[in-house]
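In what follows, chains carry the letters A, B, and so on, assigned in the order in which the sequence lines appear, proteins first and then strands, with residues in each chain numbered from 1.
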Amino acid sequence: MSRIIKAKALRAKRTVALARWLLGKHLVRRGEDGRVVARMILETEAYDGERDLACHARAGRTRRTAVLYAPGGHWYVYLCYGIHEMLNLVVGPRDWPAAILLRGVEGANGPGRVTKALGIGRALNGATATGRASGLWIEDRGMRVSRRAVSATPRVGVDYAGAVWAGKRWRFVLEAPTKAPGRPRPKSTSAPRRA
DNA sequence: TACTCGATCGGA
DNA sequence: CCGATCGAGTAA
């Protein structure tokens with residue numbers, strides 16, 4: 001079972017909830033040669049609105065941030081540190097600038113490595129993320145993610161945003177699904193429940 | 001036009 | 001820890 005994520009789904013929930021929801025979905029890339037590669041999304045980060053001082057839209061609408069104001073379902077790709085391409089999924093309704101940075105997928109840990117691994121560059125900036133047309137989309141392949149398999153931490157590299165915004169735990173990490181039988185359930189010690 | 005500084009990474 | 005490397009944003 002495998003279905004392409006539709007724009008509607010990317011506009012219904014709030015940005016932070018979507019960042020968590022994307023964990024376990026698959027980033028699917030069709031290359032020039034027609035080969036299709038799918039990697040499970042393992043790490044995301046939410047950027048939400050002009051008020052969010054870590055978000056590129058903090059300075060409002062500019063040539064670069066224009067795509068963030070598009071309705072959810074487009075790609076936002078930009079160059080960071082002059083070297084690394086960063087892949088973001090624009091989410092939310094039109095005119096609410098928000099995006100989710102894809103920081104990690106199976107086999108690629110780190111936003112710069114994700115794009116390098118899948119051959120993603122700025123040519124995809126503004127392209128649709130909700131269909132095969134752009135060669136890059138997201139699929140739900142039925143992976144179920146339990147709440148406790150996800151950890152939430154502060155976003156990386158945004159100290160400049162100040163304590164309040166840098167402190168938001170808007171980075172979500174899915175611990176790699178393990179096939180092996182889980183560790184034996186910790187024997188519930190018969191210790192008293194309360195002191 | 002002249003600056004400054006990054007949503008990072010790999011190597012010393 | 002440091003340098004790479006370049007475009008967006010800002011000030012002038």
Can [X] and [Y] be counted as an ion pair, charged N to O under 4.0 angstrom?
X: A:K25; Y: A:E139; value: no
X: A:R155; Y: A:E45; value: no
X: A:D140; Y: A:K6; value: no

*Could you give the distance separating B:dA7 and C:dT10 at their P atoms, to the nearest angstrom?*
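Roughly 13 Å separates the two P atoms.
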
Interatomic distance at C1', C:dG7 relative to B:dG10, whole Å: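 Nearest-Å result for C:dG7 against B:dG10 at atom C1': 22 Å.
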
Are OP1 or OP2 of [N] and a side-chain N or O of [X] less than 4.0 angstrom apart?
X: A:R63; N: C:dG9; value: no
X: A:Y81; N: B:dA7; value: no
X: A:T62; N: C:dG9; value: yes
X: A:H56; N: B:dA7; value: yes

- Query: Is there side-chain contact between A:T128 and A:W75, with heavy atoms separated by less than 4.5 Å?
  - Reply: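 No - every pair of side-chain heavy atoms lies 4.5 Å or more apart.
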
Euclidean distance, atom [atom1] of residue [X] to atom [atom2] of [N] [Å, nearest integer]:
X: A:R155; N: B:dG6; atom1: CZ; atom2: P; result: 15 Å
X: A:I83; N: B:dC9; atom1: CD1; atom2: P; result: 10 Å
X: A:N125; N: C:dG7; atom1: CG; atom2: P; result: 14 Å
X: A:R64; N: B:dG6; atom1: CZ; atom2: P; result: 12 Å
X: A:M86; N: B:dC9; atom1: CE; atom2: P; result: 6 Å
X: A:L79; N: B:dC5; atom1: CG; atom2: C1'; result: 13 Å
X: A:E43; N: B:dA7; atom1: CD; atom2: P; result: 16 Å
X: A:E45; N: B:dT8; atom1: CD; atom2: P; result: 7 Å

Can you tell me if A:Y160 is stacked onto the base of B:dG6, using a 5.5 Å centroid cut-off and an angle below 30°?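 Check failed, A:Y160 does not stack on base of B:dG6.
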
Fill in: Out of C:dG7, B:dA7, B:dC9, whichever nucleotide has its closest atom nearest the side chain of A:R122
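Of the candidates, C:dG7 comes closest.
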
Report task. Could you check which of C:dG9, B:dC9, B:dA7 has an atom nearest any side-chain atom of A:P111? Result ->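 The answer is B:dC9.
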
Check every strand shown and say whether A:R171 touches a base, only sugar-phosphate, or nothing at a heavy-atom separation below 4.0 Å.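 It contacts nothing in the nucleic acid.
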
* Asked: Checking all strands, does A:A54 fall into the base, sugar-phosphate, or nothing category for heavy-atom contacts under 4.0 angstrom?
  ->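 Base contact - A:A54 has a heavy atom under 4.0 Å of at least one base atom.
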
| Residue met sooner reading DNA chain C from 5', once A:H84 and A:G60 are mapped to nucleotides |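 Residue closer to the 5' terminus by nearest nucleotide: A:H84.
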
- Does a donor on one side chain sit under 3.5 Å from an acceptor on the other, for A:T153 and A:R169?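 No - no donor-acceptor pair under 3.5 Å links their side chains.
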
Tell which nucleotide pairs with B:dC5, taking only Watson-Crick or G-U wobble pairs whose two distances are both under 3.5 angstrom.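 Pairing partner, where one exists within any strand: C:dG7.
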
Closest approach of A:D48 to A:D52 (non-hydrogen atoms, all atoms of both residues) =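 That closest heavy-atom pairing would be N-OD2, 3.0 Å.
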
